[in-house]
Amino acid sequence: MKLAIVGGGPAGLYLSILLKRQDPGHDITVYERNPAGSTYGWGVTYWAGLLDKLRAGDPESAAAVAKASVTWTDGVAIVRDERTVHRGDAGFGIGRRRMLALLADRAGELGVRVEFEHQIPGADAPELADADLVVAADGVNSALREAHADHFGSEVVSGRNQYIWLGTTKVFDSFSFAFKETEHGWIWCYAYGFSGERSTCVVECSPETWTGLGLDTRGEAEGLRLLEKLFHDLLDGHELIGRDRAEDAAQWLTFRTLTNRVWHRGNLVLLGDAAHTTHYSIGAGTTLALEDALALADALRAHPDLDTALTTYGKRRRAELVSAQSAARYSAQWYENLPRYMRLEPARMFALLGQRHSPLLPHIPPQLYYRIDRAAEQLEPLRRLKRWLGPRVARAAHGRR
């Protein structure tokens with residue numbers, strides 16, 4: 001087949017690797033609008049299960065990604081200047097630029113053409129005219145998807161809170177949180193290492209806190225200095241950095257959750273953020289995009305008929321995403337209702353931070369939920385009841401609305 005992949009992010013590059021390994025005769029071009037080495041964002045996170053899937057898909061790129069990643073096992077939170085630690089499963093961080101470079105190099109080794117600084121403005125671009133398969137891997141603002149938005153059934157819901165994606169020279173050896181109360185409300189930070197020199201910091205707050213602190217009107221430099229003061233104990237005197245190798249200043253945003261009713265139209269198929277987004281607080285965006293690539297490659301291998309393959313892929317991934325999308329929705333709502341949980345002592349508040357994906361938590365007083373959760377750790381019948389009750393309470397509450 002002749003394949004045109006529009007977008008040189010993790011999903012598009014990894015799909016090109018998988019398909020070229022399946023059939024070296026495929027003619028594959030990846031079109032990326034940005035220059036090589038230029039990307040937004042800092043580090044991305046993933047968990048051990050993804051590495052196992054990547055090893056099955058392409059051992060060489062999996063080994064390169066693993067070697068370039070850093071690992072942590074603990075979660076640390078600073079709440080009202082009190083530090084608490086939670087022991088957890090191993091997590092991994094890798095610089096987004098580093099990951100893209102590794103995948104682009106591997107794709108090139110296999111014979112994929114990766115064309116940087118090559119903009120594809122829409123589905124009628126001449127580069128796509130004779131392709132057997134066109135993959136829209138061009139992000140949440142996909143020009144290819146927007147040309148047929150009614151067909152795909154695209155829906156976008158904006159979150160309430162403001163957030164900004166930053167870097168820092170402080171290297172964290174654990175996934176760290178800090179929650180600070182100001183006269184205008186709470187503001188908080190998630191931070192994790194992704195190399196031996198840098199870490200990612202995502203700062204979030206309600207719109208009332210954002211405007212109350214003047215973050216809506218301060219320039220980038222002034223805003224970063226204020227955030228450094230607020231999170232001084234988390235950063236240990238290190239600076240915050242806006243954009244890395246990008247012309248524009250770091251921007252405060254509201255998160256947009258994208259869903260699509262169907263994922264293909266003719267020979268055009270959606271991949272990664274062009275197909276779906278899940279709130280960054282569950283740390284699954286890159287993982288889900290790479291899993292899309294694995295599923296699409298599997299479907300194309302299993303079904304010679306293109307329409308059958310693309311239909312199978314879309315149905316499978318939409319079903320697999322239900323759990324992650326639910327977790328992301330509840331996680332975002334937890335942060336949007338943060339004051340509800342901040343009356344708890346820090347250790348209990350941090351425990352419920354780990355339970356933020358629960359559909360039951362929003363409907364039970366936090367202190368009571370904490371006690372139930374602790375008891376459920378000892379009693380299997382109570383664990384089963386908790387799992388059974390959560391979705392039913394959530395559905396009943398949704399029905400009342």
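In this structure a side-chain-to-backbone donor-acceptor pair under 3.5 Å is missing from Y280 to W165. T287 contributes no side-chain N or O that, together with a main-chain N or O of G285, makes up a donor-acceptor pair within less than 3.5 Å. Panel note: side chain Y31, backbone V114; no donor-acceptor pair is recorded below 3.5 Å.
L100 places a side-chain heavy atom less than 4.5 Å from the side chain of P10. With a 4.5 Å cut-off on side-chain heavy atoms, L268 and L128 do not count as touching. Residues L253 and Q162 are not in side-chain contact: their nearest non-hydrogen atoms beyond the backbone lie 4.5 Å or more apart.
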Margin query: If you apply the rule side chain to side chain contact (heavy atoms under 4.5 Å, CB included), what do you find for I241 with T168, and how did you get there?
Written below: CA-CA 6 Å; I241 311 167; T168 179; 5.8 Å; no

Margin query: I'd like to know whether E117 forms a salt bridge (Lys or Arg N to Asp or Glu O under 4.0 Å) with R33, so could you lay out the CA-CA distance, the side-chain angles of the two residues, the decisive distance to 0.1 Å, and finally the verdict.
Written below: CA-CA 4 Å; E117 299 184 76; R33 65 178 180 268; over 6 Å; no

Margin query: ring pair (Phe, Tyr, Trp, His ring centres under 6.0 Å) for W334 and Y341? Distances and angles first, verdict last.
Written below: CA-CA 9 Å; W334 191 93; Y341 305 100; 4.8 Å; yes

Notebook entry, point to check: Checking side chain to side chain contact (heavy atoms under 4.5 Å, CB included) for the pair L15/I5: CA distance, chi angles, key distance, verdict?
Noted result: CA-CA 9 Å; L15 178 66; I5 300 175; 4.1 Å; yes

Next item on the list: List the steps, then state whether side-chain hydrogen bond (donor to acceptor under 3.5 Å, both in side chains) holds for T211 with D216.
Entry: CA-CA 6 Å; T211 56; D216 58 329; 5.4 Å; no

Next item on the list: Check the pair E228, H238 against side-chain hydrogen bond (donor to acceptor under 3.5 Å, both in side chains), reporting the backbone distance first and the verdict last.
Entry: CA-CA 8 Å; E228 287 169 359; H238 287 262; over 6 Å; no

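Under the 4.0 Å criterion applied to side-chain N and carboxylate O atoms, K180 and D81 are assigned as salt-bridge partners. Salt bridge annotation for K53-E291: present, with a cationic side-chain nitrogen under 4.0 angstrom from a carboxylate oxygen. Taking 4.0 Å as the cut-off between side-chain N and carboxylate O, D27 and R113 count as a salt-bridged pair. The existence of a salt bridge linking D132 and K2 is excluded, since no basic side-chain nitrogen approaches an acidic carboxylate oxygen closer than 4.0 Å. Looking at R160 and E208, a side-chain N of the basic residue comes within less than 4.0 Å of a carboxylate O on the acidic one, giving a salt bridge. Ion pairing between E222 and R225 fails under the 4.0 Å rule for side-chain N and carboxylate O. In this structure, R316 pairs ionically with D298, as a charged nitrogen and a carboxylate oxygen lie closer than 4.0 Å.
W263 has its ring centre no less than 6.0 Å from the ring centre of F152. Here Y190 and F175 keep their ring centres 6.0 angstrom or further from each other. Ring-centre distance between H357 and Y330: not below the 6.0 Å cut-off.
Within 6.0 Å of atom CZ in R218, more than 12 heavy atoms from other residues, nucleotides or ligands are found, so the atom counts as buried in its surroundings. Counted within 6.0 Å of CD on E109, heavy atoms from surrounding residues, nucleotides or ligands total more than 12; the atom is thus considered enclosed. The neighbour count for D130 CG, taken as heavy atoms of other residues, nucleotides or ligands under 6.0 Å away, is above 12. The number of heavy atoms from other shown groups lying within 6.0 Å of CZ (R21) is above 12. Taking a 6.0 Å sphere around CG of D307, one finds it holds more than 12 heavy atoms contributed by other residues, nucleotides or ligands. In H86, the NE2 atom is not crowded: 12 or fewer heavy atoms of neighbouring residues, nucleotides or ligands sit closer than 6.0 Å.
Using modelled atom types and a 3.5 Å distance limit, the side chains of R256 and S158 yield no donor-acceptor pair. Side chains of S206 and T209: a donor-acceptor N/O pair is present below 3.5 angstrom, by distance only. In the model, R348 has a side-chain atom that pairs as donor or acceptor with a side-chain atom of Q367 under 3.5 Å. Side-chain contact of S142 with D138: a donor-acceptor pair under 3.5 Å is present, judged by distance alone. Side-chain atoms of H279 and S281 include a donor-acceptor pair closer than 3.5 Å. Using a 3.5 Å distance cut-off with no hydrogens or angles, the side chains of E204 and N161 do pair a donor with an acceptor.
The aromatic rings of Y335 and W188 lie parallel to each other, with less than 30° between the two planes, well short of the 60° mark. The aromatic rings of F92 and Y46 lie parallel to each other, with less than 30° between the two planes, well short of the 60° mark.
A cation-pi contact, defined as under 6.0 Å to the ring centre and within 45° of the axis, is absent between R371 and Y369. By the 6.0 Å and 45° rule, K315 does not stack over the aromatic ring of Y313.
Considering every non-hydrogen atom in both L306 and L133, the closest pair reads CD1-CD1, 4.1 Å.
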